[in-house]
K.L.:
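Before we start, here is the structure in question, set down as structure tokens.
Every chain is numbered from 1, with letters handed out A, B, ... down the list of sequences.
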Amino acid sequence: GAGVSQTPSNKVTEKGKYVELRCDPISGHTALYWYRQSLGQGPEFLIYFQGTGAADDSGLPNDRFFAVRPEGSVSTLKIQRTERGDSAVYLCASSITVQETQYFGPGTRLLVL
Amino acid sequence: SQQGEEDPQALSIQEGENATMNCSYKTSINNLQWYRQNSGRGLVHLILIRSNEREKHSGRLRVTLDTSKKSSSLLITASRAADTASYFCATDAGAGTALIFGKGTTLSVSS
């Protein structure tokens with residue numbers, strides 16, 4: 001079956017702009033996770049959803065970052081007033097439920113100029 | 001913050017040799033997972049081992065878990081050039097939710 005998909009695959013924006021990153025999880029997966037990975041580092045947790053609600057957003061670096069999952073499927077990560085330090089690969093993962101294997105999408109490479 | 005620490009940071013071997021990577025973590029866990037990543041993009045899940053398990057196998061992969069030492073190892077036998085990638089261990093935070101990753105081991109297999 002189809003895996004986790006993310007769009008766009010690459011995004012170049014200017015400092016101060018607003019961006020939205022989209023994640024389509026595997027059908028039927030109730031848990032959805034966002035991670036961010038900087039060069040040479042492992043992924044770092046941002047936020048996770050169980051169904052429509054954000055169960056844990058403790059990894060969001062500041063209030064410029066926000067994520068939604070209004071119908072319990074597709075999720076959008078929103079970044080306001082982007083900064084150069086936001087440049088990274090943003091990874092989305094889903095699992096059938098919590099404590100089960102997380103399957104990752106290919107990521108969105110964000111570059112803030 | 002990152003809980004898992006992989007060792008070594010980089011490993012270079014010849015095709016056919018075995019590769020062993022180690023992971024240490026700090027807090028109690030529900031499970032530990034190993035992932036592979038090519039070219040800095042999506043992660044491919046390799047194996048999940050639960051805290052009550054000590055060893056798991058999948059094809060050429062063997063994972064061990066020692067919860068008393070808070071460590072895990074990933075063994076790739078008879079390595080191939082296609083195994084060249086970064087390998088990460090990831091643990092849950094104890095609440096069974098988000099994964100905490102280490103910095104990874106970069107494996108290079110030359111033919």
K.L.:
Who in residues 4-16 of chain A is close to chain B, using a strict under-4.5 Å heavy-atom cut-off?
P.N.:
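Result: Ser9(A), Asn10(A).
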
K.L.:
Looking at Arg50(B) and Glu100(A), is there a salt bridge between them, counting it only when a charged N and a carboxylate O are closer than 4.0 Å?
P.N.:
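Salt bridge between Glu100(A) and Arg50(B), a charged N being under 4.0 Å from a carboxylate O: yes.
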
K.L.:
Give me the atom names and distance for the closest heavy-atom approach of Pro43(A) to Leu43(B).
P.N.:
CG-CD1, 4.0 Å

K.L.:
Does Arg80(B) CZ have over 12 foreign heavy atoms under 6.0 Å away?
P.N.:
no

K.L.:
Answer yes or no: are there more than 12 heavy-atom neighbours, outside Glu15(B) itself, under 6.0 Å from its atom CD?
P.N.:
yes

K.L.:
Assert yes or no for the condition that the ring centre distance of Phe104(A) to Tyr35(B) is strictly below 6.0 Å.
P.N.:
yes

K.L.:
Side-chain contact test, heavy atoms from C-beta onward, threshold under 4.5 Å: evaluate it for Leu99(B) versus Tyr35(A) and give yes or no.
P.N.:
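Contact flag for Leu99(B)/Tyr35(A) side chains = yes.
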
K.L.:
Inspect the surroundings of CD in Glu71(A) and state if more than 12 heavy atoms from other residues, nucleotides or ligands are less than 6.0 Å away.
P.N.:
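No, the 6.0 Å shell around CD holds no more than 12 heavy atoms from other groups.
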
K.L.:
Please report the shortest heavy-atom distance between Ala98(B) and Phe45(A), naming the atom on each side.
P.N.:
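Minimum heavy-atom separation between Ala98(B) and Phe45(A): CB-CD1, 3.1 Å.
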
K.L.:
Would a hydrophobic clustering, with Ile, Leu, Val, Met, Phe, Trp and Tyr connected at side-chain separations under 4.5 Å, put Leu107(B) with Val63(B)?
P.N.:
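Cluster IDs for Leu107(B) and Val63(B) match.
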
K.L.:
What distance separates Gln102(A) CD from His45(B) NE2, expressed to the nearest 0.5 Å?
P.N.:
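NE2 of His45(B) is found 9.0 Å from CD of Gln102(A).
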
K.L.:
Counting only non-hydrogen atoms closer than 4.5 Å, does Leu48(B) touch chain A with its backbone (N, CA, C, O), its side chain (CB onward), both, or neither?
P.N.:
side chain

K.L.:
Met21(B), Ile13(B): one ILVMFWY side-chain cluster at the under-4.5 Å cut-off?
P.N.:
yes

K.L.:
If hydrophobic clusters are built from ILVMFWY residues whose side chains come within less than 4.5 Å, do Ile76(B) and Ile47(B) share one?
P.N.:
yes

K.L.:
Are more than 12 heavy atoms, taken from residues, nucleotides or ligands other than Phe65(A), located less than 6.0 Å from that residue's CZ atom?
P.N.:
yes

K.L.:
Is Leu61(B) reachable from Val109(B) through a run of hydrophobic residues whose side-chain heavy atoms are each under 4.5 Å from the next?
P.N.:
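Yes; tracing contacts between hydrophobic side chains, which count when under 4.5 Å, links both residues.
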
K.L.:
Does Leu113(A) have more than 12 heavy atoms from other residues, nucleotides or ligands lying within 6.0 Å of its CG?
P.N.:
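Check passes, neighbour count above 12.
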
K.L.:
Val89(A) and Trp34(A): same hydrophobic cluster, using ILVMFWY side-chain contacts below 4.5 Å?
P.N.:
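Different hydrophobic clusters.
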
K.L.:
Could you pull out the closest heavy-atom pair between Phe88(B) and Gln37(A), with the gap in Å?
P.N.:
CZ-NE2, 3.7 Å

